[in-house]
Amino acid sequence: MHLLTVTKTFPGVSVRAAFDAGERDFGENYVQEALGKIVELADLRREVRWHLIGPLQSNKAREVATHFDWVHSVDRMKLAQRLSDLRPPELPPLQVCLQVNISGEDSKSGVAPEAALTLARAVAALPRLKLRGLMAIPEPAGDLAAQREPHRALRKLLDAMNAEGLGLDTLSIGMSADLEAAIAEGATWVRIGSAIFGSRPAKPEAAS
Ligand SMILES: *Cc1c(COP(=O)(O)O)cnc(C)c1O
């Protein structure tokens, strides 16, 4: 199980402090904000891995394919195809997870669970992407048992894909509020921001 240190809204100096404390994997939601920090921390670039965990528009695919190591939020074929087409040949394949709308919320991005296997097969066939597994942001739930349900559903979906021979090794689940539940259900990445850095200031959508 790995820790993804979520640095969205926190400045480059905070990322550097986390690096000095030993962290090497950093998660960002907003492409423009992330690119600023990737430039600011260029001296660390060879030692760190940048993960995009927020929703991604196709018009930002080139910047993401060029500057990131992982994308956890792939949820449609057109986007996956663009990321594969635009991944520079000198870089290793972009590591990707499919984001699944596991709680079935209208407002959430992510592929529907019923459509995930078909998408996974198509993404796994793209030459410049490496499909690693599944990611979800479940609806908040109160107690541990309720929090475990969507995580377990995602793990079962991963198991079903592996029974079809997809060979996936990654379950990106768990944030500050539900990390115990996610770990209990087999998380391989927990994505933690506020439990490390403190609460974030509200960020207007327009800044993404
Ligand atoms: C912000 C964010 C996190 C981290 O959330 P915390 O509650 O601060 O731990 C994890 N995953 C995604 C997709 C996020 O947007």
Side-chain angles (χ1 to χ4, degrees), residues 1-12 14-15 17-19 21 23-38 48-57 60 64 68-76 79-80 83 94-111 113 116 132-144 146-148 150-151 153-155 157-158 170-208:
M1 211 264 307
H2 306 284
L3 172 63
L4 179 55
T5 304
V6 176
T7 49
K8 69 175 178 218
T9 78
F10 295 104
S14 300
V15 184
F19 177 89
E23 301 309 330
R24 292 296 180 269
D25 288 275
F26 299 107
E28 288 279 340
N29 280 57
Y30 311 102
V31 175
Q32 287 315 121
E33 181 194 335
L35 292 176
K37 286 178 231 181
I38 292 171
V48 310
R49 290 165 296 272
W50 290 100
H51 299 240
L52 186 72
I53 59 175
L56 174 56
Q57 289 155 4
K60 303 238 173 84
V64 171
F68 283 79
D69 302 287
W70 282 71
V71 177
H72 292 229
S73 47
V74 172
D75 62 359
R76 57 199 189 277
L79 174 63
L83 289 170
L94 187 64
Q95 310 293 301
V96 303
C97 294
L98 300 187
Q99 183 175 348
V100 179
N101 187 357
I102 201 70
S103 304
E105 291 169 274
D106 290 344
S107 59
K108 280 278 162 59
S109 33
V111 61
R132 297 294 298 273
L134 302 178
M135 178 273 225
I137 310 171
E139 213 166 15
D143 60 61
L144 187 70
Q147 288 178 354
R148 284 180 67 156
H151 293 137
L154 195 74
R155 177 166 53 79
L157 190 57
L158 188 87
T170 298
L171 210 45
S172 172
I173 46 177
M175 306 175 27
S176 297
D178 62 359
L179 71 117
E180 289 90 353
I183 291 167
E185 294 297 343
T188 65
W189 285 109
V190 289
R191 310 179 306 264
I192 309 298
S194 51
I196 297 173
F197 295 110
S199 59
R200 283 178 295 274
K203 173 135 185 159
E205 267 312 299
S208 72

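Order of appearance sets the numbers: ligands from 1, and atoms from 1 within every ligand.
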N/O to N/O under 3.5 Å, ligand 1 against protein:
from	atom 1	to	atom 2	distance (Å)
ligand 1	8 (O)	Ser194	N	2.7
ligand 1	8 (O)	Ser194	OG	3.0
ligand 1	8 (O)	Arg200	NH1	2.6
ligand 1	8 (O)	Arg200	NH2	3.2
ligand 1	9 (O)	Ser176	N	3.0
ligand 1	9 (O)	Ser176	OG	2.5
ligand 1	9 (O)	Gly193	N	2.9
ligand 1	11 (N)	Arg191	NE	2.9
ligand 1	15 (O)	Lys8	NZ	2.7
ligand 1	15 (O)	Asn29	OD1	3.4
ligand 1	15 (O)	Asn29	ND2	2.8

Q. So which of Val190, Ile196, Val6, Ile192 actually passes side chain to side chain contact (heavy atoms under 4.5 Å, CB included) with Ser176?
A. Ile192
Q: Using side chain to side chain contact (heavy atoms under 4.5 Å, CB included) as the criterion, list what pairs up with Ala17, not counting sequence neighbours.
A: none
Q) Do the rings of His51 and Trp189 sit parallel, tilted or perpendicular, given the 30° and 60° boundaries? A) perpendicular
Q: For residues Asn101 and Pro113, report the shortest heavy-atom separation together with the two atoms involved.
A: O-CD, 3.6 Å
Q: Begin with the C-alpha distance, continue with both residues' side-chain angles, and end with the deciding distance and a verdict on ring-ring contact (aromatic ring centres under 6.0 Å, His included) for Trp50 and Phe68.
A: CA-CA 5 Å; Trp50 290 100; Phe68 283 79; 7.2 Å; no
Q. If only atom types and distance count, is the side chain of Lys8 paired as donor or acceptor with the main-chain N or O of Glu33 below 3.5 Å?
A. no
